[in-house]
Amino acid sequence: MDKDSGTSRVIPVMVPMPAERPYSYAVPEGMPVAPGSIVRVPLGPRQVAGIAWDGDGGTVDPKKLRPIEAVFDCPPISGEMRRFVEWISTYTLSPPGMVARMLLRAPGAFDPEPPQQGLRLTDNRPDRMTTARERALELARDGQAWTRSGLAHAAGISLSVIDGLAKQGVFKTVELPPQPVVAPPDPLYGRPELSDGQAEAAEHLREQAARDGFSVTLLDGVTGSGKTEVYFEAVAAALERGKQVLILIPEIALTQAFLDRFHDRFGSKPADWHSDLAPKKRERIWRQVAEGQVRVVAGARSALFLPFSDLGLIVVDEEHDPAYKQEDRVFYNARDMAVKRGHLGNFPVVLASATPSIESRVNAQSGRYDRIVLSSRYADAALPDLKAIDMRKAPPERGGFLSPVLIRAIGQTLERKEQSLLFLNRRGYAPLTLCRVCGHRFQCPDCSSWLVEHRFRKQLICHHCGHNRPVPEACPECGTLDHLVACGPGVERIAEEVDRHFPDARTIVLSSDMLGGVKRLRLELEAIADGEADIVVGTQLVAKGHNFPAMTLVGVVDADIGLSNGDPRAAERTFQLLSQVTGRAGRSGRKSLGLIQTYQPEHPVMRAIISGDSEAFYEREIAERERSSLPPFGRLAAIIVSANERKEAEGHARALRLAAPASDVLETLGPAEAPLSLLAGRHRFRLLVHGTRRADIQAYLRQMIATAPKPRGSIRVQVDIDPQSFL
DNA sequence: AGCACGCCGACT
DNA sequence: GTCGGCGTGCTC
């Protein structure tokens, strides 16, 4: 009919590239395409997977129209998910095609899993019986289908026995349904004993998860208050009514312990989703999430884009964690997108943290979010006794960075055969190297940062872009030999100092540049938990949810790092980090100590940490943000200009700034003030835009970018918008 | 984002 | 004389 009338059907398709709108494709007659279908379409010289979208085909030159190649045999992307893509695109000012691309990151999953060959017993008997054959028949007698290797393994016989029987027609081959990647969780499996406070909180969350309806609950509980047990009850409630659950975890690759705890509660592990998943497993999980077979996913931020068929709850664990923020391509904060996802899907969202973000606290205060406080500590977990070491009064000896007070405490801890953790959030040996003769400082040629000496690797490394070079012997400026001096400490240097004081102790350095990658790191963390180290010197990596039962001393080497770096979130971040780190001690209930080296013990962050009075800190910080119109009151955004050549990026950034609409509402900071960095081979400039009134910063940025000269060639412009309240 | 087309340097 | 660098422009 279409052919006769000359009007074949046209449908928009979102293709995985930075297109501002879906492209139009012709639908071949009889092809079952509907909005949401995942389709294969020609795009330029190649074939890509795209998502059939809503609306009519648009007005495209009919000569350009090409036909959809095929529809994948795959559950369609739901309308809910398509609205989610559109919303994220508008909110983040990213092309919808790039957002859609995040949904299509498991290409192999669009085709059904090829069925496994299985064997089932027939009525035929073998010509001769042997003990091996007897065993195989015994196992297969129940009529279940077995895989060839599975049966051989279970019967303890070789594959040739099975093959022999199959050849004689004793087994017939059948198609096995795809194996589930994870066993289904049982909400009744390991119901925990909850304290009164926990039980009350759990009941509240259970109620919300047990019916339809959007809500956001901030689960705010001190370290060791048992937040996880509490939100597991919400998970159980959602599972009981047949809903799928997503638990977002920052950096899941390192948190094996979480999967174990989940197993203890639900009798099986959740599907885990993160970037270094093996492709095959990735595809199976994607597919089975879409088909509803996987009930619970624990994953990194990208799990938000899995095609759940019936999602009924999202938990964002450690909701304050900066790892939730994606800072390339599409700039988004998964915590906020999770809230919006719940809003669109009409189900509850739980944000859990011992140190909530200021944004979430403000949202709770204003009544947009519910807030549950777990104040009492659970079972035998005790917080350490915290003390500040005033570095002006108890300074380190010359050439060192550890106060005698801290060194003494380490010694005492060693004597008790317990573990110490020294925390310093700085990788490498020394953050700055300079020439004693001419004052030359080693700086990254591409960025605005100093080169950090890594003595173990014998390199100077830029922590921004990874630029590195061997440590030279002579100053490149004045040529003087052997007069380069390392300034300030990194973890390697602290370990060296510790070795000097305690040569017999087993000291280990933990940081992200540990040789051997994530796997090695996981092993080392386990070894430490088993007591195979006395002193651990680590970066923020040690702050994340690991339990070290024998750790009874935590020393913060330089608590002031990051307090004065100009970041509007500096105080918040420091507070969160120090809370997390000091919470590593005393998890076994043993008496433990936290010593915090600082030059400003009167600083509100230090006082909050030492006194344990976080309420005072939050009140103060929220008032401060409001006064200076910083997020979440005023709005902050960055325009990121990137190019292969530094000059190009700089030039375009300048042009953009000139294009900024004159306004008393917004202030733009130009290239001169914007730190330059090199990421993935591209020089990036950030233009900061600060909204001091309730202006729509998105509209402003849109106008600014539209007015400015169009970037040519390899120059790209992206926008990073800070979270706001969007409910 | 990918990919091809296009125009300038060192090589089988 | 060709292979290959990445600059530029396009994709329904």
Side-chain angles (χ1 to χ4, degrees), chain A residues 2 6-29 31 33-72 77 82 85-86 88-89 92-110 275 279 282 302 305 326-332 446 639-652 655 678-684 705 708-720:
Chain A
D2 283 350
T7 56
S8 64
R9 198 151 74 93
V10 174
I11 195 166
V13 173
M14 204 65 90
V15 285
M17 57 152 218
E20 285 303 333
R21 53 191 176 73
Y23 282 179
S24 303
Y25 284 87
V27 181
E29 200 174 329
M31 185 183 272
V33 182
S37 302
I38 301 186
V39 294
R40 195 172 71 232
V41 291
L43 184 67
R46 68 211 157 108
Q47 302 259 316
V48 297
I51 306 167
W53 218 251
D54 312 76
D56 59 26
T59 48
V60 198
D61 181 358
K63 285 201 291 287
K64 278 188 161 184
L65 268 185
R66 296 167 77 181
I68 291 176
E69 206 76 29
V71 183
F72 286 100
I77 300 296
R82 301 198 300 277
V85 168
E86 285 164 349
I88 292 179
S89 161
T92 63
L93 302 181
S94 327
M98 285 307 277
V99 183
R101 187 173 171 270
M102 301 196 289
L103 273 70
L104 300 167
R105 314 279 338 239
F110 308 149
S275 55
R282 196 182 181 75
S302 58
F305 299 99
Q326 171 148 90
E327 297 195 278
D328 60 315
R329 299 184 175 97
V330 180
F331 291 66
Y332 68 91
D446 300 317
I639 299 177
I640 292 125
V641 182
S642 68
N644 293 331
E645 292 303 318
R646 182 180 178 139
K647 274 186 143 167
E648 288 177 1
E650 207 166 359
H652 197 78
L678 183 84
L679 280 179
R682 297 177 68 82
H683 295 269
R684 312 214 302 186
I705 291 170
K710 277 224 182 305
R712 325 212 103 263
S714 67
I715 302 176
R716 243 171 293 173
V717 175
Q718 288 165 306
V719 175
D720 175 8

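Scope of the values below: all heavy atoms of this structure, side chains included, with no hydrogens, waters or symmetry mates. Proteins get letters first, then strands, A, B, ... in listed order; numbering begins at 1 in each.
- Scanning all heavy atoms of the two residues, the minimum distance from A:W53 to A:R82 falls at CZ2-O, 3.5 Å.
- Closest non-hydrogen pair, A:S89 versus A:S94, comes out as OG-O, 2.7 Å.
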Across nucleotides 7-12 of chain C, 5' to 3', mark each nucleotide with B, S or - according to how protein heavy atoms within less than 4.0 Å reach it.
-SS-BB
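- To the nearest 0.5 angstrom, A:L93 atom CG is 6.5 Å from A:I705 atom CD1.
- Across all non-hydrogen atoms, the minimal contact from A:P35 to A:D54 is CB-OD2, 3.8 Å.
- Residue contacts for A:P45: at a heavy-atom cut-off of 4.0 Å it reaches the sugar-phosphate backbone alone, with no base atom in range.
- Of the listed residues (A:V27, A:I68, A:I51), just one forms a side chain to side chain contact (heavy atoms under 4.5 Å, CB included) with A:V39, and that residue is A:I68.
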